Every structure is written in C-alpha cells, then in structure tokens.
Amino acid sequence: MKFSIIIPVYNRPQEVGELLESLTEQTCTDFEVIIVEDGSKVNSKEVVEKFHTKLNIRYFEKENGGPGPARNYGAQYALGDYLVFLDSDCITPPQYVENLNKAVTDNDSECVPKDESGDTTETIRKTDVFGGPDRAANDFSDIQKAVNYSMTSLFTTGGIRGGKNANKPDKYFPRSFNMGISRNVYEITGGFAPMRFGEDIDLSYRIYKAGFKCELIPDAYVYHKRRTNMRSFFKQVFFSGMARINLYKRYPDTMKLVYMLPALFTVGIVACIILAILWSVWFLLPPIFIVFVWFFDSLRLNKNIKTALLSVITSFIQLIGYGCGFFYGIWIRIILGKSEAESYKTNFF
C-alpha cells in the first residue's frame with residue numbers, strides 16, 4: 001500500500017461524508033482510509049459504513065485527546081509507505097492521490113553506492129515530508145471563500161502556506177489539514193505532540209532538526225471548507241496565535257519577526273483608531289488603505305462583491321484574532337509562567 005490517508009474526526013459526520021465521497025472519485029486508488037473518531041458526541045460510524053464497498057476503509061474510536069493524538073492513533077494501524085493526514089473539512093479533487101504518487105515517485109529515484117565497491121546501490125527517499133495547498137471550491141459559500149482568502153492571501157498570511165519560499169530550507173512547514181510523511185520519518189520523529197494547536201509546526205521543527213526536509217507539492221491541493229461563522233473562525237486563529245508562544249517556549253530559537261506581524265498589526269490598528277479620535281481623522285488612512293487592498297484583491301480572485309466585502313471582515317478577524325492570541329500567550333506563558341496545558345483553559349469563548 002502506497003498511502004494511508006488518516007482522518008481525525010470530531011462531531012463532523014456530514015463533512016466526513018463529503019470527504020469520503022471525494023476519495024471514491026480518485027484516479028489513483030493505491031491508498032487506504034483510516035477514520036479516527038476522537039471522542040465525538042455525534043459520531044460518523046453510520047456515514048463511514050456506507051463507504052465500505054467503495055473504499056478500503058477502517059473506522060476506530062478513542063477518547064477525546066485532540067487532533068494530534070488522534071492522528072498518532074490512526075498511524076498505529078496504517079499499512080501504507082506514506083501517512084497522509086487530512087482534516088475532515090477538506091474535499092479532494094479527483095487527481096489528488098495521483099499527484100501525490102507522481103511527486104513522491106519522481107523524487108524517490110536517487111541511488112547511491114551502498115559500499116566502497118560501488119557495485120550495490122540503494123534508493124534514497126528524497127521526499128521525506130510533504131504538504132499541499134488549500135483552495136476554495138466554486139460551490140463554497142461566500143463566507144467560506146472569504147475565510148479561505150484571509151488564510152491564504154499574500155496580504156494577510158504572506159503566502160506561508162505555499163508561497164515563493166515554500167521549498168527553501170527551513171521555510172516550508174506543512175499544515176496537518178493536508179500533510180504527508182514517510183513511515184520511516186514518522187517513526188524517527190515520533191509523530192505529533194499532544195498539542196491542541198500548532199502540533200503540525202512542532203512536528204515540522206523536529207523533522208528539520210532530524211535532518212529531513214519538507215516539500216510543497218503544489219498540485220496536491222485540497223478544497224478546505226474551514227469555519228462557517230465569524231465567531232468560530234476568531235476562536236481558531238486566537239488559539240493559533242497562542243500556539244505560537246507555546247512553540248516559542250519549546251523552541252526559543254524559532255521565533256521570527258514574521259510571526260509577530262499580526263500582533264504588531266493589532267497594535268497599529270488600535271493606535272490608529274485612538275489617534276483618530278484624540279488627534280486627527282487622517283490616522284484612519286492606513287486602515288482604509290488596507291481595506292481597499294483586501295477588497296480589490298479578493299474581488300480580483302473571487303469575482304464576487306459580497307465575497308470581497310466579507311474578505312475584509314475575515315482578514316481583520318484573522319490578523320487581530322491571531323494577534324490577541326499571541327498577546328494572551330505572552331501573558332499566560334511568559335509573564336504568569338503558566339503551563340502549556342493551562343494556556344488553553346480560557347473562558348473567552
């Protein structure tokens with residue numbers, strides 16, 4: 001078996017059904033599917049049973065422990081050479097597995113001498129860990145397309161999920177919504193840490209430290225439905241910002257200016273509003289300029305005025321939510337000295 005597709009699930013039976021349906025349409029079928037129900041109150045067992053005749057699929061249940069441990073649980077039962085992790089709110093295009101297979105096959109062709117004689121050789125697997133981008137499908141709702149814009153745009157996240165630096169050393173960090181790893185590297189690095197957020201970045205750090213590399217496969221994209229309302233989206237990016245501080249506590253040498261930009265943006269927006277009230281309305285020009293950039297960029301990409309307007313809102317939420325989580329992480333982890341587990345015990349939501 002070439003690929004084991006592992007999908008952790010928490011209270012999302014309908015989305016799992018859509019993902020599994022898309023997997024039945026794959027042009028390459030050299031894969032199995034492993035569903036791990038992570039302590040859901042509304043499980044997906046009945047949905048999964050409908051696909052037993054269509055897919056090579058297995059279903060497991062465990063107590064709730066977060067997506068990282070759920071992925072590790074599924075990896076225990078995986079039979080594939082590569083472990084592919086997908087979020088349950090993703091949909092795969094028909095060529096997804098085929099594009100994965102082509103990329104790893106093309107890269108697994110470097111042979112080197114096994115001993116000094118040079119008579120025998122062994123294949124060196126060059127594709128250790130890989131990831132793919134995410135997109136919005138044409139039939140997504142306006143808010144889903146807006147959230148996708150704010151998470152992938154050069155003007156919000158800087159294109160770090162698959163931009164120009166994606167294949168430079170120590171630059172690309174695959175995200176667990178669409179991430180693959182060879183079985184050998186998974187076993188060497190120990191899989192995902194029991195973190196609620198940032199577990200994929202944590203694994204990427206350990207992968208790089210172990211001497212392996214991460215690679216972007218541009219054609220192995222998925223359609224990512226993400227959060228469907230503003231409140232849940234804010235919560236997601238808030239905890240992502242807080243996770244950055246938790247990652248800093250684990251790996252102090254990894255903090256970079258780019259990770260601080262949403263926090264600086266948040267301070268800048270608040271400062272502009274206060275100065276506009278106390279001094280001059282001209283201080284509102286920077287935020288207004290940013291609004292126009294987001295609006296017209298989203299309009300260019302999505303060809304829809306409503307989506308463009310929503311993109312302005314979701315972009316503010318993405319940056320300010322992340323920035324607030326970043327500051328909260330500094331307060332709870334660095335100033336108060338609380339543990340990582342305590343940092344997630346917030347009553348904000």
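The structure presented is a predicted model; accordingly, all values stated were derived computationally and were not measured. Values below: all heavy atoms of this structure, side chains included; hydrogens, waters and symmetry mates excluded. For this chain, numbers begin at 1 and follow the sequence in order.
Taking the centre and axis of the six-membered ring of Phe326, the NZ or CZ atom of Arg244 falls outside the cone set by 45° and 6.0 Å.
Side chains of Ser315 and Thr156: a donor-acceptor N/O pair is absent below 3.5 angstrom, by distance only. Judged by distance alone, the side chains of Thr27 and Gln95 never bring a donor and an acceptor atom under 3.5 Å apart. Checked by atom type, the side-chain pair Asn178/Tyr96 shows a donor-acceptor distance below 3.5 Å. Remark: the Arg12 side chain and the Ser44 side chain contain no N/O donor-acceptor pair separated by less than 3.5 Å. For the residue pair Ser339/Glu342, the side-chain donor-acceptor check at 3.5 Å is satisfied. A donor-acceptor pair shorter than 3.5 Å can be found between the side chains of Glu32 and Ser4. Residues Ser40 and Asn43 have side chains that never bring a donor and an acceptor to within less than 3.5 angstrom of each other. Donor-acceptor pairing under 3.5 Å is recorded for the side chains of Arg333 and Asn246. The closest side-chain donor-acceptor pair between Asp89 and His224 falls under 3.5 angstrom. Side-chain N/O atoms of Tyr251 and Asp202 include a donor and acceptor closer than 3.5 Å.
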key: Verdict with supporting geometry, Phe289 and Val291, side-chain contact (heavy atoms from CB on, under 4.5 Å)   = CA-CA 5 Å; Phe289 174 75; Val291 166; over 6 Å; no

Full working for side-chain contact (heavy atoms from CB on, under 4.5 Å) between Met179 and Leu83 = CA-CA 8 Å; Met179 178 180 186; Leu83 311 179; over 6 Å; no

request  = Check the pair Tyr259, Tyr248 against ring-ring contact (aromatic ring centres under 6.0 Å, His included), reporting the backbone distance first and the verdict last.
outcome  = CA-CA 10 Å; Tyr259 303 140; Tyr248 163 74; over 10 Å; no

inquiry  = Working note: Leu19 + Ile7, criterion side-chain contact (heavy atoms from CB on, under 4.5 Å); need CA distance, chi angles, decisive distance, verdict.
reply    = CA-CA 10 Å; Leu19 172 54; Ile7 306 166; 3.5 Å; yes

request  = Run the numbers on Val185 and Ser182 for side-chain contact (heavy atoms from CB on, under 4.5 Å), then give the verdict.
outcome  = CA-CA 5 Å; Val185 176; Ser182 70; 3.1 Å; yes

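One hydrophobic cluster, built from ILVMFWY side chains closer than 4.5 Å, holds both Met260 and Ile245. Cluster membership for Phe192 and Tyr10, using ILVMFWY side-chain heavy atoms within less than 4.5 angstrom, is not shared. No single ILVMFWY cluster, assembled from side-chain heavy atoms under 4.5 Å apart, contains both Val42 and Val47. Residues Ile143 and Met151 are members of one and the same hydrophobic cluster, defined by side-chain heavy-atom contacts under 4.5 angstrom among Ile, Leu, Val, Met, Phe, Trp and Tyr. Using a 4.5 Å cut-off between side-chain heavy atoms of Ile, Leu, Val, Met, Phe, Trp and Tyr, with links allowed through other members, Met255 and Leu264 fall into the same hydrophobic cluster.
Taken to the nearest 0.5 Å, the OH atom of Tyr172 stands 9.5 Å off from the CD atom of Glu215. We find the CZ-CD1 distance between Arg206 and Ile201 to be 12.0 Å, quoted to the nearest 0.5 Å. Annotation: the span from Ile217 atom CD1 to Leu100 atom CG amounts to 5.5 Å, rounded to 0.5 Å. Within the model, atoms CZ of Arg58 and CD1 of Ile34 stand 4.5 Å from one another, a figure rounded to the nearest 0.5 Å. Atoms OG and CZ, on Ser311 and Phe316 in that order, are 12.5 Å from each other to the nearest 0.5 Å. Taking CZ from Arg196 and OG from Ser343, the interatomic distance works out to 11.5 Å, rounded to the nearest 0.5 Å.
Shortest non-hydrogen contact noted between Ala210 and Thr189 is CB-CG2, 4.4 Å. Closest approach of Gly191 and Leu203 over heavy atoms only: O-CD1, 3.4 Å. Asp200 and Pro174 get closest at one heavy-atom pair: CB-O, 3.8 Å. For the pair Pro218 and Leu216, the tightest heavy-atom approach, listed with the atom from each and the gap, is CD-O, 3.4 Å.
Between the Arg183 side chain and the Asp81 main chain, no donor and acceptor come within less than 3.5 Å of each other. Of the possible donor and acceptor atoms, one in the side chain of Gln26 sits under 3.5 Å from a partner among the backbone N and O of Val97. Side-chain atoms of Asp38 come within 3.5 Å of backbone atoms of Gly66 as a donor-acceptor pair (strictly under, hydrogens ignored). Listed for the Asp30 side chain is no donor-acceptor partner under 3.5 Å among the backbone atoms of Met1. Not a single donor-acceptor pair under 3.5 Å links the side chain of Glu25 to the backbone N or O of Ser22. Here the side chain of Thr314 pairs a donor or acceptor atom with the backbone of Ala146 at under 3.5 angstrom. Formation of a donor-acceptor pair under 3.5 Å by the Asn11 side chain with backbone atoms of Lys41 is found in this model.
The aromatic rings of Tyr186 and Phe85 lie tilted to each other, with the angle between the two planes from 30° to 60°.
Looking at Phe238 and Ser240, their side chains never come closer than 4.5 Å, going by heavy atoms from C-beta outward. Using a 4.5 Å heavy-atom cutoff, the side chains of Lys2 and Asn101 are in contact. Side-chain atoms of Ile181 and Ile207, non-hydrogen and from C-beta on, do get closer than 4.5 Å to each other. By the 4.5 Å heavy-atom criterion applied to side chains, Met230 and Ile317 are counted as neighbours. For the pair Gln14 and Glu18, the minimum side-chain heavy-atom distance is below 4.5 Å. Residues Leu55 and Leu23 form a side-chain contact, since some pair of their non-hydrogen atoms from C-beta on lies under 4.5 Å apart. A heavy-atom distance below 4.5 Å is found between the side chains of Gln318 and Phe233. At least one side-chain heavy atom of Tyr221 sits under 4.5 Å from a side-chain heavy atom of Pro93.
Annotation: Phe173 is in aromatic contact with Tyr205 [ring centroid separation under 6.0 Å]. Between Trp294 and Tyr149, a ring centre-to-centre spacing not shorter than 6.0 Å is recorded. Outside the 6.0 Å centre-distance limit, the rings of Tyr322 and Phe265 are not counted as a close aromatic pair.
Ion pair Lys145/Asp142 not flagged as a salt bridge, since none of the NZ, NE, NH1 or NH2 atoms sits closer than 4.0 Å to an Asp/Glu carboxylate oxygen. Under 4.0 Å is where a charged nitrogen must lie from a carboxylate oxygen, and between Asp253 and Lys209 at least one such pair does. By the 4.0 Å N-to-carboxylate-O rule, Asp87 lies close enough to Arg71 to be salt-bridged with it.
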Compile the donor-acceptor pairs under 3.5 Å between side chains in residues 269-285 and protein atoms, sequence neighbours left out, one pair per line.
unit_1: Ser280; atom_1: OG; unit_2: Trp282; atom_2: N; d: 3.1

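In summary, of the residues considered (Val48, Ile5, Thr92, Ile91), a side chain to side chain contact (heavy atoms under 4.5 Å, CB included) with Leu20 occurs for Val48 alone.
Listed by first and then second residue, the ring pair (Phe, Tyr, Trp, His ring centres under 6.0 Å) pairs involving residues 43-70 are Phe60-Tyr77 (not counting sequence neighbours).
Within 6.0 Å of atom CD in Gln76, more than 12 heavy atoms from other residues, nucleotides or ligands are found, so the atom counts as buried in its surroundings. For Lys338, the NZ atom is loosely surrounded, since the number of other residues' heavy atoms within 6.0 Å does not exceed 12.
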